[in-house]
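Everything below concerns the one structure shown next.
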Amino acid sequence: MGAANAQDAALGEKVFLKCKACHQIGEGAKNAVGPVLNGVVGRKAGVYPDYSYSDANKNSGITWDEATLKEYLKNPRAKVPGTKMIFPGLTKDDDIDNAIAYLKQFGADGKKS
């Protein structure tokens, strides 16, 4: 990966449109089909308040860093067998990198940094 593949949060916001069917992010975000993604980068899996996670997710021992998110977003069921997430994954590495750049902007309080 070279500088030409630098993460782009603006492009990631467009990729996130695929995620919005189930997830919310930003100020005022609420759990939906999937948990709120505020502060997800650096967060332990299965801990967002008031969301009913699968045992597979809760017991995965994962902390969502960039490398782990890359694997998960490419193929959620391969990374966490038994996850409730039915999304098949993102096929393009650039889309994954940009989506992570977008997610990284949001702190646990939902505010953009």
Side-chain angles (χ1 to χ4, degrees):
M1 259 183 128
N5 291 348
Q7 294 179 333
D8 186 321
L11 291 175
E13 186 172 8
K14 290 182 176 75
V15 175
F16 189 76
L17 292 174
K18 296 176 183 177
C19 311
K20 283 182 91 165
C22 297
H23 293 280
Q24 293 185 20
I25 196 165
E27 293 184 68
K30 296 187 179 358
N31 288 323
V33 172
V36 169
L37 295 180
N38 291 336
V40 71
V41 181
R43 183 168 81 206
K44 189 176 180 322
V47 300
Y48 195 84
D50 301 321
Y51 183 76
S52 177
Y53 287 93
S54 65
D55 287 340
N57 196 301
K58 285 190 290 193
N59 300 326
S60 68
I62 290 173
T63 296
W64 297 117
D65 60 15
E66 287 188 50
T68 306
L69 279 166
K70 280 184 188 192
E71 291 176 39
Y72 188 72
L73 292 175
K74 184 163 263 307
N75 190 340
R77 288 184 292 275
K79 182 64 181 169
V80 181
T83 183
K84 293 193 315 189
M85 189 154 128
I86 59 169
F87 184 70
L90 296 169
T91 57
K92 296 179 186 164
D93 288 339
D94 285 349
D95 284 352
I96 293 169
D97 290 341
N98 293 335
I100 292 169
Y102 177 69
L103 293 172
K104 282 170 52 178
Q105 298 180 104
F106 294 89
D109 61 0
K111 293 184 178 169
K112 276 189 174 183
S113 53

Residues in side-chain contact (heavy atoms from CB on, under 4.5 Å) contact with Val33, at least two apart in sequence or another chain: Cys22
Selection residues 41-50 - residue pairs positive for salt bridge (charged side-chain N to carboxylate O under 4.0 Å, His left out), sequence neighbours left out: none
Identify every side-chain donor-acceptor pair in residues 99-113 under 3.5 Å, counting partners at least two apart or on other chains, and give the distances.
from: Lys104; atom 1: NZ; to: Glu66; atom 2: OE2; distance (Å): 2.8
from: Gln105; atom 1: NE2; to: Tyr102; atom 2: O; distance (Å): 3.3
from: Asp109; atom 1: OD1; to: Lys111; atom 2: N; distance (Å): 2.9
from: Ser113; atom 1: OG; to: Gln105; atom 2: O; distance (Å): 3.2

By side-chain hydrogen bond (donor to acceptor under 3.5 Å, both in side chains), which residues pair with Asn75, not counting sequence neighbours? none
For Lys79, all residues meeting side-chain contact (heavy atoms from CB on, under 4.5 Å), sequence neighbours excluded: Ile62, Thr68, Glu71, Tyr72
Are the side chains of Val15 and Lys92 in contact, using a 4.5 Å heavy-atom criterion? no
Considering residues at least two apart in sequence or located in another chain, which fulfil the side-chain contact (heavy atoms from CB on, under 4.5 Å) criterion with Lys14? none
Other members of the hydrophobic cluster containing Leu17, with the 4.5 Å side-chain heavy-atom rule, please. none
Tyr53 side chain to Tyr48 main-chain N or O, any donor-acceptor pair under 3.5 Å? yes
Just jot down the salt bridge (Lys or Arg N to Asp or Glu O under 4.0 Å) partners of Lys20, sequence neighbours excluded, or say none. none
Cluster check Leu11, Leu37: I/L/V/M/F/W/Y, side chain < 4.5 angstrom: no
Under 4.0 Å between a side-chain nitrogen and a carboxylate oxygen: does that hold for Asp93 and Lys74? yes
Any donor-acceptor pair under 3.5 Å from Asn57 side chain to Thr83 backbone: no
Partners passing side-chain contact (heavy atoms from CB on, under 4.5 Å) against Ala56 (at least two apart in sequence or in another chain): Ser54, Val80
Suppose we screen for salt bridge (Lys or Arg N to Asp or Glu O under 4.0 Å). Which residues come up paired with Asp55, at least two apart in sequence or across chains? Lys58
Is it the case that the side chain of Arg77 and the backbone of Ile86 share a donor-acceptor pair, with hydrogens and angles ignored and the cut-off at 3.5 Å? yes
What pairs of residues pass the side chain to side chain donor-acceptor pair (under 3.5 Å) test when at least one of them lies in residues 29-38, not counting sequence neighbours? none
